[in-house]
Engineer: 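Have a look at this one.
Note that this is a predicted model, so its numbers are computed, not measured. In this chain, residues are counted from 1 in sequence order. Only this structure's heavy atoms are used, side chains among them; waters, hydrogens and symmetry mates stay out.
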Amino acid sequence: MGKKVMSIFGTRPAAIKMAPLLLGMERREGLESVCCVTGQHREILDPVLRLFHIQPQFDLNVMEPGQSLSVLTSRVLAGLEPALERAKPDFILVHGDTASTLAGALAGFYHQIPVGHVEAGLRTGNRYAPFPEEVNRTLVSHIASVHFCPTAVNRGNLRREGVEQDVYVTGNTVIDAIQSIVEKDIPFTDPCLQGLNYDSRKVLLVTCHRRENYGAPMERIFSALRALAERYPEVELVYPMHPAPAVRRPAERLLGGHPRIHLLEPLDVQEMYRLLRRCYMVLSDSGGLQEEAPSLGKPVLVLREDTERPEAVEAGTVKLAGTQGERILSLASELIESPPAYSRMAKAVNPYGDGQACGRILDGVEFYLGLRDRPPGQFSPSSSL
């Protein structure tokens, strides 16, 4: 048997980004893959596992309604104890910046198992935005033994914090995932999405769910979105709502009842990527969509005051719209009214990957474990053109 690598994750975005890595690991003779899901996103995690045919060996199933971050993190940490004792992995992979990520890295440290951090080095410089992710990922960077950074900017962030050993620039695995599952001309399963005319209408994909936007910021965002729909008759807004009551209540109150605003249940991964491919542009406070949408040529307006993905701003694939209604309306209006402004964003080079990130990460894992002689190659956007 090869070296045993346990991947620990619990949210839908992490599952999407880790899935091609797990599938790639199965093709590496020197590695034995063990999957542990925490169940942090229960209802929306499981469809991703089914899509990629991933059968976890361990499922902590920690999620309960209304539990605090403290309770969630402690339950993941406690649940990992027997899983690690039973599996006895040689290496642990965690992804990103969730409670599952922090607890997984900490559990590995407590058991003196080396940890590899996928999507390492993202920073806003504001510990409360995004909350609690900024502190989670910073702490993991000082626990992990190997760091897989999507971009050179992320590597620079780690260097400024004194993290310089075993740091690799790999690109982001979400580009690998998109390339493996986006299919052209496949009908939507949702009748609302199937009924939209993507050629004659401007379909705007909206996501909004971040904790730091709860309350007044989210209400300003939703009010601006409704004003946008009322200003432009050719615009259709599609908003797959997050299940959190703090999101749904204001969304239904401020966006509901408009004939061209479509409030949907969360979409499965394939449906979401079909919509992403067909839509006109994206307005989102999501981190992942800042990486995913540009790979399909879609401009993104980021509904946050800060972003840990400044590469996209510099490349021109995204703009930071913030949470003030006037700025959101202004930037969105420019993209709706000005073909040159839209084209500049749609045709900008995506700085996040070439679809080969998983191979580089697995090369890095094998190099750390002594299974290969040379470290992995490094990704740069210019090399992917």
Engineer: Just do the side chain to side chain donor-acceptor pair (under 3.5 Å) check on Glu271 and Thr189 with the steps written out, would you?
Structural biologist: CA-CA 7 Å; Glu271 196 88 329; Thr189 59; 3.0 Å; yes
Engineer: Considering all heavy atoms of both residues, which atom of Ala83 and which atom of Met6 are nearest to each other, and what is their separation?
Structural biologist: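 Between these two residues, the closest heavy atoms are O-CE, 4.0 Å.
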Engineer: Just wondering, do Arg75 and Met63 contact through their side chains at under 4.5 Å, heavy atoms?
Structural biologist: no
Engineer: With side chain to side chain donor-acceptor pair (under 3.5 Å) as the test, would you mind laying out the steps for Thr101 and Thr98 before giving the verdict?
Structural biologist: CA-CA 5 Å; Thr101 308; Thr98 67; 2.9 Å; yes
Engineer: Looking at Arg304 and Glu308, does any basic side-chain N land under 4.0 Å from a carboxylate oxygen?
Structural biologist: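 Answer for the salt bridge query: yes.
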Engineer: Would you say that Leu72 contacts Val62 through its side chain, given a criterion of any heavy-atom pair below 4.5 Å between the two side chains?
Structural biologist: yes
Engineer: Take Val163 and His147 through the test side chain to side chain contact (heavy atoms under 4.5 Å, CB included) and record every step on the way to the result.
Structural biologist: CA-CA 9 Å; Val163 179; His147 314 266; 3.3 Å; yes
Engineer: May I ask you to test the Tyr352-Val174 pair for a side-chain heavy-atom distance under 4.5 Å?
Structural biologist: no
Engineer: Is it true that Arg123 and Glu133 have a side-chain N and a carboxylate O under 4.0 angstrom from each other?
Structural biologist: no
Engineer: What are the two closest heavy atoms between Ala321 and Leu331, and how far apart are they?
Structural biologist: CA-CD1, 3.7 Å
Engineer: Are Leu276 and Val282 close enough, and set up right, to give a side chain to side chain contact (heavy atoms under 4.5 Å, CB included), and what steps lead you there?
Structural biologist: CA-CA 8 Å; Leu276 190 59; Val282 177; 3.6 Å; yes
Engineer: CG of Asn197: more than 12 outside heavy atoms within 6.0 angstrom?
Structural biologist: yes
Engineer: Examine distances only and state if a side-chain atom of Asn172 and a backbone atom of Pro150 form a donor-acceptor pair shorter than 3.5 Å.
Structural biologist: no
Engineer: Are the side chains of Leu255 and Leu225 in touch, meaning some heavy atoms are under 4.5 Å apart?
Structural biologist: yes
Engineer: Would you compute the distance between atom SG of Cys208 and atom CG of Leu303 and round it to the nearest 0.5 angstrom?
Structural biologist: 6.0 Å
Engineer: In sequence, state the C-alpha distance, the side-chain angles, and the governing distance for Gln57 and Cys36, and then conclude on side chain to side chain contact (heavy atoms under 4.5 Å, CB included).
Structural biologist: CA-CA 6 Å; Gln57 286 87 347; Cys36 175; over 6 Å; no
Engineer: Regarding Arg260 and Glu236, does a basic nitrogen lie under 4.0 Å from an acidic carboxylate oxygen?
Structural biologist: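 A salt bridge is absent here (no side-chain N lies under 4.0 Å from a carboxylate O).
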Engineer: Nearest 0.5 angstrom please: Leu21 CG to Cys35 SG, how far?
Structural biologist: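 Nearest 0.5 Å value for the CG-SG distance: 11.0 Å.
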Engineer: Please examine the side chains of Ile92 and Val5, heavy atoms only from C-beta on, and report whether any two atoms are closer than 4.5 Å.
Structural biologist: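 With C-beta onward as the side chain, the pair stays apart.
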Engineer: Yes or no on side chain to side chain contact (heavy atoms under 4.5 Å, CB included) for Cys192 and Leu264, after CA distance, side-chain angles and deciding distance?
Structural biologist: CA-CA 9 Å; Cys192 171; Leu264 306 181; 4.1 Å; yes
Engineer: Salt-bridge test for Asp363 and Arg28: reply yes if a basic N is under 4.0 Å from a carboxylate O, no otherwise.
Structural biologist: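 So Asp363 pairs with Arg28 through a salt bridge.
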Engineer: Just by distance, no angles: are the side chains of Glu311 and Asn154 close enough, under 3.5 Å, to form a donor-acceptor pair?
Structural biologist: yes
Engineer: Using ring pair (Phe, Tyr, Trp, His ring centres under 6.0 Å), reason through Tyr168 and Phe379 one step at a time and then give a plain yes or no.
Structural biologist: CA-CA 9 Å; Tyr168 305 108; Phe379 163 73; over 10 Å; no
Engineer: Ignoring hydrogens and geometry beyond distance, is a side-chain donor-acceptor pair present between Ser100 and Gln40 at under 3.5 Å?
Structural biologist: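 Yes, a side-chain donor-acceptor pair sits under 3.5 Å.
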Engineer: Do Leu80 and Tyr110 make a side-chain contact, defined as non-hydrogen atoms from C-beta onward lying under 4.5 Å apart?
Structural biologist: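 When only atoms from C-beta onward are counted, Tyr110 and Leu80 do not touch, as no gap falls below 4.5 Å.
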Engineer: For Val94 versus Ala105, what's the shortest heavy-atom pair and its separation?
Structural biologist: CG1-N, 3.9 Å
Engineer: Tell me whether Arg253 is salt-bridged to Glu219, with the criterion being a basic N under 4.0 Å from an acidic carboxylate O.
Structural biologist: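 Yes.
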Engineer: Looking at Tyr280 versus Tyr342, is the centre-to-centre ring distance below 6.0 Å?
Structural biologist: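 Centroid separation for Tyr280 and Tyr342: below 6.0 Å.
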Engineer: So that I can tick it off, tell me whether Asp97 and Arg137 are bridged by a salt bridge, with the cut-off set at under 4.0 angstrom between side-chain N and carboxylate O.
Structural biologist: yes
Engineer: Which pair of heavy atoms, one from Ala346 and one from Gly297, lies closest together, and at what distance?
Structural biologist: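 For Ala346 and Gly297, the tightest heavy-atom pair comes out as CB-O, 3.3 Å.
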Engineer: Using 4.0 Å as the upper bound for N to carboxylate O, is an ion pair formed by Glu164 and Arg155?
Structural biologist: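 Here Arg155 does not pair with Glu164 in a salt bridge, since their nearest N and O are not under 4.0 Å apart.
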Engineer: Mind checking the CZ-OG spacing from Phe91 to Ser7? Nearest 0.5 Å is all I need.
Structural biologist: 9.5 Å
Engineer: Out of curiosity, Ile175 CD1 to Ser180 OG, how far, rounded to the nearest 0.5 Å?
Structural biologist: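 These two atoms lie 11.0 Å from each other.
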Engineer: Do you know the tightest heavy-atom contact between Lys298 and Arg278?
Structural biologist: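 Between these two residues, the closest heavy atoms are NZ-C, 4.3 Å.
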Engineer: Please report the shortest heavy-atom distance between Gly10 and Thr38, naming the atom on each side.
Structural biologist: CA-OG1, 3.1 Å
Engineer: Using side-chain heavy atoms (C-beta onward) and a distance below 4.5 Å, is Val118 in contact with Phe148?
Structural biologist: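 A side-chain contact exists here, since the closest heavy-atom pair is under 4.5 Å.
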Engineer: Would Phe131 and Tyr214 count as a ring pair (Phe, Tyr, Trp, His ring centres under 6.0 Å) if you check the C-alpha gap in whole Å, the side-chain angles of each, and the deciding distance to 0.1 Å?
Structural biologist: CA-CA 11 Å; Phe131 174 84; Tyr214 284 5; over 10 Å; no
Engineer: Has the side chain of Glu134 got a donor or acceptor atom that lies under 3.5 Å from a matching backbone atom of Gly125?
Structural biologist: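 It does hold such a pair.
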Engineer: Examine distances only and state if a side-chain atom of Ser74 and a backbone atom of Ser70 form a donor-acceptor pair shorter than 3.5 Å.
Structural biologist: yes
Engineer: Measure the CG-CG distance between Asp190 and Leu196 for me, rounded to the nearest 0.5 Å.
Structural biologist: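 Those atoms lie 9.0 Å apart.
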Engineer: Do NZ/NE/NH1/NH2 and the carboxylate oxygens of Glu326 and Arg220 come within less than 4.0 Å?
Structural biologist: no
Engineer: What's the spacing between Arg277 CZ and Ile178 CD1 if we round to 0.5 Å?
Structural biologist: 12.5 Å
Engineer: Walk me through whether Asn213 and Arg210 qualify under side chain to side chain donor-acceptor pair (under 3.5 Å).
Structural biologist: CA-CA 5 Å; Asn213 279 343; Arg210 301 220 62 88; over 6 Å; no
Engineer: Any carboxylate oxygen within less than 4.0 angstrom of a Lys/Arg side-chain nitrogen, looking at Glu119 and Arg309?
Structural biologist: yes
Engineer: Taking side chain as C-beta onward, heavy atoms only, is Tyr368 less than 4.5 Å from Asp166?
Structural biologist: yes
